[in-house]
Amino acid sequence: MPSALWLLTALWLSTFQFYVHGSTQEKLPVEAYASLPNVSQFNLSPNGSKYAYVINNKGELILAVRDITTGKVTAITRTDNLNAKLNWFDWLNNDTLLFGISYTKRESVVRYTRTELLSFDLNNISKGAKLVVRPKRGQHNAQFKDHVIDMLPDDPEHVLLSIDLKQPNRPGVYKLNVKKRKLKRIVRYKAHVDGWIADRQGNVRISYHRDETRIFYRLLDNKTSKWKTIFDYEVFSKNKVSVLGFDSDPSILYVKAVHNDKDSIFKVDLKDPELTRELVFHDPNYDVDGTLVYSPITGAVAGFSHAHADNSIQYWDSDLKTLQSSISQVLPDATNIITDMDKTGGRYIVYSESDKDPGSYLLGDTKKNSIQYLAKRYPKIDESNYLGKQWVEYSARDKVKIEGYITLPQGYEPGLKYPAIVLPHGGPYARDYQGFDYWSEFFAHNGYIVFQPNFRGSYGYGFEFAQAAIGGWGKAMQDDLDDAAKWLVAQGYTEKNKMCIAGSSYGGYAAIMAVIKHPETFKCAASFAGVTDLESMYSRARYFTNKDVVRKQLGGDRSLLEKVSPVSLSEFISKPILLIHGTEDVTVPVSHSKKLVKKLRDKDVTYIELEDGDHHLSYQPHRIQTLKAMLAFFDEHLKYKK
């Protein structure tokens, strides 16, 4: 294992200029925050001789491969995230990259996503990327062609692919020869199947099913070759079980289930007829929100990721635990995550983030006992201007404790009152974390206090806390945001007439509902891709296979949705509204914002439509345009003078 002293010396020599900055604090342009990350998604080849990663070149994303020895960089594919997006990529073998792309299609009034699977042979660069899945005559042209369920790391030519080539929405599992582009079905479709899970030996062992709102898993018995149901529950119920994966022993399965109100990790011996669950890890304060981590050498489970663990990963593997400890000595006061390793454990990628650094990648080498800096995600943000988030807790009106994160503006002086923005997350079954957030950081850099409450309905705080999201739109989780604003006033951060609210997706809905339900609290509201018409969401769900799940999440009673839909309550909007929406949003259609704009034509509403924009501001110019518009909107209505 590496020597901490040697690691420290190597890092200091390679990154000295990186950590030395002047003390001047110049105002950064919006592009410093709103640009897509400068680099991302580093992925080592199996033998560690090269790595693939994504480079941002002025908004054009380039999937590239760098040879570590020669330094040669090869461009694999390019996209601006407007007409097509890179979904994922991984190494098939040391010389071939496999990657999935997505694009939007339209049929009648419905927009939906299609995906393709491509490969790139580094030994035949001139041939470029090739489509791997080509349905034959008579086969269904599957909507999703990049759903790889296992990369088969011990097989350099094949992967396991879930795809519906026989009939729509009836996927089987195929063994795909990537080079020859040939598919061989190995598991037939089974009723209500929605996904498949393979063991560490590459055998399909578990099927995941959804029948209306019933969820169940089935296991293939290796001895009898028969399938049997092992977990069965109603969606959003306390009996939920999520399969995390197999250990190297194919009879050992790890699952996540509720224990004392929190999602916890259990181990199940599949040879046990009772499928007894052995508790492996439980956090009494938070749901376990990560996945299993495997040893690249043995293939066994080496630990698991969890946002509230040290360095976000808790290792069981002693060698990895020692390596993690050495890295932390080199990079103290930072969260250092080993994101990838080669098959020998020789080279590894570290992602490091701290209150001085919004995120950097480093390359380590256990054989050379060295680690070197690769690149920053946001090059213009450094310790001289990075603000970071502070954890806080407040009490809602019914005494429920709510956690959140506050970002204080550049040059903050205690005792002064600043204009503030409450920034609820999307989902709503999601949450905010303490790491870098370009939204909060941008607004705080421009003089605003930003508060991100993890209101009721957020994931991570236990089953009962999250249940508020089921049929709870416009109710307690909306009041939690009003209480967050009042807490800011009570703590002396701001004044009652100096607050606005903003968000995207569900957060956009919450922002609009805030000026409907609590107009005395907020001076304005800004929404990107916000939900405005819950009845429309309920109705539109009929076009998709998960319609019953969506409808249950909304509460299951369509007649009640009018009472919590902004389009139905538009007459109560008396504050300025900013609406921004992409025309190709397949998650929340642009019609949501258009309907509300039509209802508000006699009121103070600003509407910006992003041509070909999606739900995630994936296209860099749209991201820049959105943040510029929101900042101008807040500056105008909060009367903030720079």
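All values derive from a computational prediction rather than experimental measurement.
Here the side chains of P589 and R540 are in contact, with some heavy-atom distance below 4.5 Å. Taking the side chain as every heavy atom from C-beta outward, D480 and Y394 approach each other to under 4.5 Å. Side-chain atoms of F455 and P428, non-hydrogen and from C-beta on, do get closer than 4.5 Å to each other. A 4.5 Å side-chain heavy-atom check between S527 and Y509 finds every atom pair outside the cut-off.
Between K595 and D533 there is a salt bridge, with a side-chain nitrogen of the basic residue lying less than 4.0 Å from a carboxylate oxygen of the acidic one. Ion pairing between R210 and D548 fails under the 4.0 Å rule for side-chain N and carboxylate O. Under 4.0 Å is where a charged nitrogen must lie from a carboxylate oxygen, and between E234 and K552 at least one such pair does. Taking the charged nitrogens against the carboxylate oxygens, D355 and K389 have no contact shorter than 4.0 Å, which rules out a salt bridge.
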>> As a quick check of understanding, evaluate ring pair (Phe, Tyr, Trp, His ring centres under 6.0 Å) for Y418 and Y493, giving each step before the final call.
In response: CA-CA 6 Å; Y418 291 79; Y493 287 112; 9.0 Å; no
Item checked: Trace of the ring pair (Phe, Tyr, Trp, His ring centres under 6.0 Å) decision for Y53 with F89 -> CA-CA 9 Å; Y53 64 124; F89 59 90; 9.1 Å; no
Worked verdict on F443 versus F634 for ring pair (Phe, Tyr, Trp, His ring centres under 6.0 Å): CA-CA 9 Å; F443 292 130; F634 296 138; 5.4 Å; yes
Pair Y286, H306 - check ring pair (Phe, Tyr, Trp, His ring centres under 6.0 Å), show working. CA-CA 9 Å; Y286 301 99; H306 176 44; 7.2 Å; no
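Each of D479, D398, D483 was compared with R456 under the salt bridge (Lys or Arg N to Asp or Glu O under 4.0 Å) criterion, and only D398 meets it.
Both tests pass for R431 against the ring of Y433: distance under 6.0 Å to the centre and angle within 45° of the axis.
Ring geometry for Y361 versus Y351: interplanar angle of 30 to 60°, hence tilted.
Separation of the F281 and F304 ring centroids falls under the 6.0 Å cut-off.
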